[in-house]
Number of protein chains: 2
Amino acid sequence: MSKQIDNHIRRLRFEHQEMTQQALADQVGVSRQTIVAIEKNKYSPSLEVAFKIADTFALSIEKVFEYK
Amino acid sequence: MSKQIDNHIRRLRFEHQEMTQQALADQVGVSRQTIVAIEKNKYSPSLEVAFKIADTFALSIEKVFEYK
DNA sequence: AGTTGGTGTCAAATATATTTAACATGAAGT
DNA sequence: ACTTCATGTTAAATATATTTGACACCAACT
């Protein structure tokens, strides 16, 4: 019953000039390990980090993270 | 330069049958104090709580939280 | 064979979000 | 005057996110 959060970060990285985890981390202002953790769904990020990731790809949060 | 997160929770509560903080907290599954803190911008929520709040109002995250 | 870059993982420390419980205030009703 | 309800605030404890540093693996070079 409870929904779950997935994300398309890995795909989006590749669609954006094969951006590396490190490059994304730098843009967003977090460590690479944080990107890895979010990308692999080890935990869901703060709203702030979610917004920054979405911003990096010029997308809405809903187009980066799915809640369903 | 760094953007900031605001929200329209209070307004949305009133637009939804004058929903109380407690009622929203119950729907979302957090404590009332958490709603107060988010509503008053004491901190920004986790992405999960943000999604649940948006869900409660049947809106996208961007229509509940503004990042700019 | 050795090196480099991108990725995955782990553990310990720190920062931030969230809970619980308690108390204060003001507005509305009795 | 008293009660009730919605709200705001605080402090301490717990949970979760994030950082830092380290190491392993694999693919692509040289």
Side-chain angles (χ1 to χ4, degrees):
Chain A
M1 269 310 172
S2 65
K3 301 188 177 180
Q4 158 176 353
I5 300 179
D6 319 358
N7 71 84
H8 308 301
I9 296 177
R10 179 174 286 268
R11 174 169 60 75
L12 291 167
R13 280 198 298 112
F14 286 111
E15 290 175 3
H16 283 249
Q17 299 95 33
E18 311 234 337
M19 182 180 241
T20 67
Q21 291 175 336
Q22 186 64 62
L24 177 56
D26 290 346
Q27 283 254 351
V28 170
V30 296
S31 68
R32 182 177 65 86
Q33 289 87 331
T34 295
I35 298 297
V36 175
I38 295 167
E39 199 171 293
K40 309 216 92 189
N41 261 305
K42 289 176 79 176
Y43 51 73
S44 54
S46 65
L47 180 59
E48 196 175 356
V49 169
F51 263 125
K52 285 179 182 168
I53 293 174
D55 252 34
T56 298
F57 296 130
L59 293 174
S60 67
I61 286 191
E62 280 81 2
K63 285 190 175 144
V64 180
F65 299 91
E66 278 192 59
Y67 184 60
K68 65 180 183 184
Chain B
M1 270 312 171
S2 66
K3 300 187 178 182
Q4 116 171 19
I5 300 179
D6 318 0
N7 72 83
H8 307 300
I9 297 177
R10 179 175 285 269
R11 174 170 58 75
L12 291 167
R13 281 198 297 112
F14 286 110
E15 290 174 4
H16 284 249
Q17 298 95 30
E18 310 234 337
M19 182 180 243
T20 66
Q21 291 175 336
Q22 186 64 62
L24 177 56
D26 290 345
Q27 283 253 352
V28 169
V30 296
S31 69
R32 183 177 65 85
Q33 288 87 331
T34 295
I35 298 297
V36 175
I38 297 167
E39 198 171 296
K40 308 216 91 189
N41 260 305
K42 288 176 80 176
Y43 51 73
S44 54
S46 65
L47 180 59
E48 195 175 357
V49 169
F51 264 124
K52 286 179 183 168
I53 294 173
D55 252 33
T56 298
F57 296 129
L59 292 173
S60 66
I61 286 190
E62 280 81 2
K63 285 191 176 144
V64 179
F65 299 91
E66 279 192 60
Y67 184 59
K68 64 181 184 183

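Since the model is a prediction, treat every value here as computed from it, not as a measurement. Chain letters run A, B, ... following the sequence lines, proteins first and then strands; every chain starts at 1.
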So what does T34(B) touch, heavy atoms closer than 4.0 Å: a base, only the sugar-phosphate, or nothing?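 Base: the residue T34(B), judged by heavy atoms under 4.0 Å, touches a nucleobase.
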Establish, with yes or no, whether the OP1 or OP2 oxygen of [N] is under 4.0 angstrom from a side-chain nitrogen or oxygen of [X].
X	N	answer
S44(A)	dA17(D)	yes
R10(B)	dG8(D)	yes
S46(A)	dT16(C)	no
R32(B)	dT9(D)	no

Any T56(A) side-chain heavy atom under 4.5 Å of M19(A) side chain: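 Yes, their side chains come closer than 4.5 Å.
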Quickly work out the [X] [atom1] to [N] [atom2] distance and round it to whole Å.
X	N	atom1	atom2	value
Q33(B)	dG8(D)	CD	C1'	10 Å
M19(B)	dC5(D)	CE	P	18 Å
Y43(B)	dT18(D)	OH	P	15 Å
L47(B)	dA17(C)	CG	P	13 Å
K42(A)	dA11(C)	NZ	C1'	11 Å
Q22(B)	dT7(D)	CD	C1'	11 Å
I9(A)	dT7(C)	CD1	P	13 Å
D26(B)	dT19(C)	CG	C1'	14 Å

Which residue in the set R10(B), Q17(B), R11(B), E15(B) passes side chain to side chain contact (heavy atoms under 4.5 Å, CB included) when paired with R13(B)?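 With R13(B) as partner, side chain to side chain contact (heavy atoms under 4.5 Å, CB included) holds for just one option, R10(B).
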Specify the residue among T20(B) and E48(B) whose closest nucleotide of DNA chain D lies further upstream toward the 5′ end.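 It is T20(B), whose closest nucleotide lies nearer the 5' terminus.
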Taking the nucleotide of DNA chain D with the closest heavy atom to each, which residue, F14(B) or A37(A), is nearer the 5' end?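 Taking each residue's closest nucleotide, the earlier one in sequence belongs to F14(B).
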All pairs passing ring pair (Phe, Tyr, Trp, His ring centres under 6.0 Å) where residues 32-68 of chain A contributes a residue, at least two apart: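 The answer is H16(A)-F57(A), F51(A)-Y67(B), Y67(A)-F51(B).
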Member of E39(A), K63(A), E66(A) meeting the side-chain hydrogen bond (donor to acceptor under 3.5 Å, both in side chains) criterion with H8(A):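 Per the side-chain hydrogen bond (donor to acceptor under 3.5 Å, both in side chains) rule, the option paired with H8(A) is E66(A), out of E39(A), K63(A), E66(A).
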Could you measure the distance from the CD1 atom of I53(B) to the CD1 atom of I38(B)? Nearest 0.5 Å is fine.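 Result: 4.5 Å between the selected atoms.
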